[in-house]
Amino acid sequence: MNRSTISQLARVIVIVAVASAALSGATVKQVHPPPTAGGNPPVVIAVLADHYAAGEEKEFDYDVENFFNFGLLVDGYYEKKKNDLKIVSIFDATPPGQDSIYDFKISPGVGNCAVINAGDAVGKINAALGTLHPVHTVILGNYPYNFGCTEGEWTYVSVDAVGTDVLPHEFGHVLGRLFDEWSLSQHKNTNYPKVIQMSDTRNCWPTRPPATKQPHWKDGNQFPTAKEYPECDLFGKRVVHPFPYCRMGTRNEHPHHPAFCDVCIAEMDATFTYYREWRRIMSQGGINQTTPPSPQASHAPTTPPRFGIVNAAFVEREREREQDPTTDPIRILRFRVEIDPERGSMTVKGRTDARGMYVPSYRRVGRFAFEYVVDGKTMEIGVIPDQVFESHGFRGGAPAHRASDPHPVEVVIAIPNEDTSSIQTGTRQLLLYRIPDSVPGRFITTDTMARLRSMGKPTATVSVK
Amino acid sequence: MSGRKLFLPVAGVALLIGVAACSGSSGGPGSSSTAAPTTKLIIEITGGFAYVPDVPKRTLEIAYLNDVEMKDTSGTIICAVDEIGTELIVLRGKIVSPSAPPNRTFDLDGTVVTIPALDNTTTPLTYNRPIGHPSPAKPSTPGQWSNLQYVPSLKDFHANTGIRPTWRNEVNGRVVLKGGNVVATVPTDPSIEKADFEFRQGTTSKGSFAVTDKIIYTVDVPGTAVELQLTRSLGSTTLKIEPPAPGTPVKLKLHGLHGADAVSSFVQGQEVREFCAFYSLLEPKQPASEMVKMFYNGPPASSFPSGAQPSPGYFCGGDGF
């Protein structure tokens with residue numbers, strides 16, 4: 001069997017894995033890239049149908065085309081990243097008389113969202129995903145409205161939002177973790193209450209002490225025209241953003257500025273690069289991660305989980321692997337947990353087996369870190385992005401969307417090389433820590449985690465089975 | 001300006017009233033072995049346009065305005081609305097020619113859109129838009145939204161007025177539709193669907209009722225494809241679109257872009273400032289004191305969950321002339 005044959009076989013395995021991903025009865029299609037194109041783009045977006053009748057699968061396909069093939073994937077920025085994006089659609093009809101198969105309800109929601117989770121939306125979404133492990137899930141709602149709403153792991157978009165920049169903007173949040181570059185009216189004269197790490201390279205910068213260092217976009221020659229414009233992250237005072245016009249901002253002379261500013265482009269680029277090359281990034285940074293997932297063939301699902309410390313040989317092998325588009329998927333266990341950002345509490349709501357490319361959440365884009373411990377030994381760590389705790393409603397165009405105050409939300413904590421069978425043995429725990437502002441670093445590392453442990457108890461510890 | 005629409009009848013009140021619904025005739029391509037083939041065309045129109053029907057000519061013209069700045073006799077600005085733009089998006093159909101933009105979206109700045117195949121149509125233009133406010137004031141079922149009275153009309157507030165004869169030279173562009181059926185439908189914002197708007201002349205209330213920013217036009221176009229002529233000052237282009245599959249409609253979206261300033265979400269009692277723009281086309285000109293203004297009357301804030309912003313976001317209804 002030569003390399004080409006292996007490659008073709010791997011493609012078939014990927015296609016079969018995708019096709020069998022969701023619940024029986026649902027139709028799963030790889031929308032982009034074409035299934036025959038091969039490769040294994042790391043940024044997987046799942047698109048679920050909601051409020052479509054049994055005979056409307058073709059309508060759903062057209063809507064998916066409009067939002068992605070003729071929308072996001074031909075957008076000036078995302079078009080350049082299309083080789084890193086995989087779009088998978090899942091159609092399942094909504095029974096007559098039922099608003100939603102995912103417990104959504106069109107109603108004034110949190111923030112200015114026009115849709116609410118009126119039941120177990122996240123659980124039903126996870127069930128529908130089957131063995132898919134998407135980075136984010138978009139639900140296309142077959143309603144004659146124009147709105148989008150992002151909360152936690154999902155974005156709900158009503159089909160009349162076609163032609164707006166709802167998705168390109170929202171993906172700035174959910175992928176790059178970019179901030180909005182404006183202020184809510186009630187925060188116009190309010191000092192920015194949060195602390196953004198000095199090492200943070202995103203698009204907001206607090207100007208009050210202790211962040212006296214100038215923003216990264218003015219530190220060096222990478223962004224020669226960047227300045228400090230007032231308002232960012234929905235507050236008006238003592239927080240700035242780098243350019244007057246940006247897709248993450250507003251007040252533009254065009255409906256909504258149709259492109260990211262240079263600083264946001266750099267952050268989005270870094271995000272896509274991280275998804276593709278996180279092993280190399282982490283190792284080159286001299287960061288000794290605890291538990292990068294061991295490479296594991298997709299056809300060996302019963303192999304017990306293996307973890308280890310990165311070593312040089314492993315890294316070299318992984319470098320090769322990152323350049324190999326036929327990378328096998330691995331087993332991933334998706335824990336669905338509800339986290340209350342105010343109390344720091346965490347409740348496990350369920351877990352599902354998945355298969356796919358695993359990318360750890362080491363980027364420091366939130367105030368909470370999790371630790372997965374097996375028989376007393378740390379097996380994985382990661383960061384919960386802060387933005388999942390805010391709900392964003394958005395209709396495209398110039399007007400700013402609003403955001404809710406942080407509130408409890410269900411998120412997915414993914415663990416590599418585990419499944420619902422493997423966790424039945426031994427003692428397994430998920431721990432949640434609040435990361436103090438004084439702890440530096442752009443990534444969560446073993447050293448960071450050791451420091452967190454030394455600084456105090458986790459805010460939550462839950463046993464998982 | 002976002003969401004402009006208003007219904008002002010060109011040919012007088014009587015011409016607006018009581019036109020039977022139902023665009024009648026024909027199925028999709030190949031629906032009959034004897035009848036000439038037709039292609040069903042559906043256009044969803046969202047945003048703030050001026051709707052100008054002319055029943056004798058069987059036309060409905062949908063105009064997108066230029067920037068509006070109106071001053072009173074003392075030179076004080078009484079209405080200032082920026083025009084942002086208008087787009088035509090192909091939602092369903094194969095673009096045969098010209099080569100399609102990747103996003104299948106056409107900028108209609110300064111463009112007049114016509115459908116030559118309908119020039120000689122005998123199909124009537126059908127819609128139902130009597131003068132006056134809608135009943136019920138707030139629809140309780142989706143079907144009730146089909147009443148075009150949910151698109152307000154300055155004519156309702158100013159008797160013996162009409163659109164200025166030179167209006168075609170004063171707007172940015174227009175879409176000319178001939179024959180077919182026009183209905184209103186639910187607003188594009190579900191919060192607006194639950195709200196109504198009070199119209200006030202000075203301190204005098206002229207009534208409160210729901211408003212939509214969306215209408216739907218349906219027509220059967222002779223032929224197996226739909227051809228739109230896009231005419232600009234520098235020439236014209238023919239956009240040819242085939243149905244996505246035999247017997248299925250070509251579906252377009254005429255989309256008025258929104259240009260409201262930051263944080264334009266409505267609060268209770270907030271004026272919909274863009275509405276004044278339609279006065280720029282009204283004849284005779286109305287003094288500022290006579291101009292009717294439109295105010296948001298949304299669901300009470302207490303109906304929103306804790307921590308929520310009681311805002312539906314921006315909204316711009318249109319106006320019928």
Side-chain angles (χ1 to χ4, degrees), chain A residues 58-59 61-63 65-66 69-75 79 106-116 143-147 158-164 182-188 231 249-256 391 393-407, chain B residues 2-3 44 46-47 82 84-85 87-93 100-105 142 145 185-194 213-214 216 244-245 248 251 253-265 267 298-299 301 303-315:
Chain A
K58 192 65 186 170
E59 289 296 298
D61 291 345
Y62 287 138
D63 289 331
E65 270 191 340
N66 285 338
N69 301 71
F70 305 135
L72 191 80
L73 295 169
V74 297
D75 170 83
E79 194 273 339
I106 303 298
S107 178
V110 183
N112 70 336
C113 280
V115 65
I116 58 172
Y143 288 96
Y145 302 123
N146 166 12
F147 71 83
S158 187
V159 293
D160 224 25
V162 65
T164 70
W182 63 73
S183 166
L184 298 182
S185 56
Q186 67 268 35
H187 294 162
K188 279 262 182 209
E231 304 186 356
T250 184
R251 278 187 174 176
N252 307 306
E253 75 281 5
H254 197 259
H256 200 273
S391 302
F394 193 54
R395 301 189 70 212
H401 68 62
R402 298 195 171 201
S404 71
D405 293 332
H407 59 90
Chain B
S2 60
E44 297 179 355
T46 62
D82 288 338
I84 297 301
E87 294 176 339
L88 185 69
I89 306 170
V90 179
L91 298 179
R92 302 283 189 274
N103 60 1
R104 294 154 62 92
T105 299
W145 280 101
T185 187
V186 292
T188 61
D189 186 327
S191 295
I192 292 293
E193 188 180 1
K194 301 179 189 306
D213 62 343
K214 183 175 179 180
I216 297 176
T248 61
K251 196 170 172 185
K253 179 178 180 179
L254 183 66
H255 181 44
L257 301 176
H258 296 259
D261 200 359
V263 193
S264 61
S265 303
V267 295
S303 69
F304 291 82
S306 173
Q309 310 298 331
S311 87
Y314 58 87
F315 175 77

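Each chain gets a letter, A, B and so on, in the order the sequences are listed, and its residues count up from 1. Since we're looking at a predicted model, the values are computed, not measured.
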Would you mind checking which part of Glu59(A) comes under 4.5 Å of any heavy atom in chain B, side chain (CB onward), backbone (N, CA, C, O), both or neither? both
Nearest non-hydrogen partners of Tyr62(A) and Pro244(B), listed with the distance: OH-CB, 3.1 Å
Excluding sequence neighbours, so at least two apart, what forms side-chain contact (heavy atoms from CB on, under 4.5 Å) with Asn103(B)? Val74(A), Pro101(B), Thr105(B)
Audit row: Tyr145(A), Glu193(B), side chain to side chain contact (heavy atoms under 4.5 Å, CB included) steps and yes/no: CA-CA 10 Å; Tyr145(A) 302 123; Glu193(B) 188 180 1; 2.2 Å; yes
Among all residues two or more places apart in sequence or in another chain, which pass the side-chain hydrogen bond (donor to acceptor under 3.5 Å, both in side chains) test with Asn69(A)? none
Is Asp75(A) close to chain B through its backbone or its side chain, or both, or neither, when contacts mean heavy atoms under 4.5 Å? neither
At a 4.5 Å cut-off on heavy atoms, which part of Asn66(A) comes close to chain B: side chain, backbone, both, or neither? side chain
Knowing that exactly one of Thr188(B), Asp189(B), Val186(B) qualifies, which makes a side-chain contact (heavy atoms from CB on, under 4.5 Å) with Asp160(A)? Thr188(B)
The interface call for Pro142(B) against chain A, heavy-atom contacts under 4.5 Å, is neither
Find out whether Asn146(A) and Thr46(B) are in side-chain contact, i.e. whether some heavy atom of one side chain is under 4.5 Å from a heavy atom of the other. no
Would you say that Glu65(A) contacts Leu91(B) through its side chain, given a criterion of any heavy-atom pair below 4.5 Å between the two side chains? no
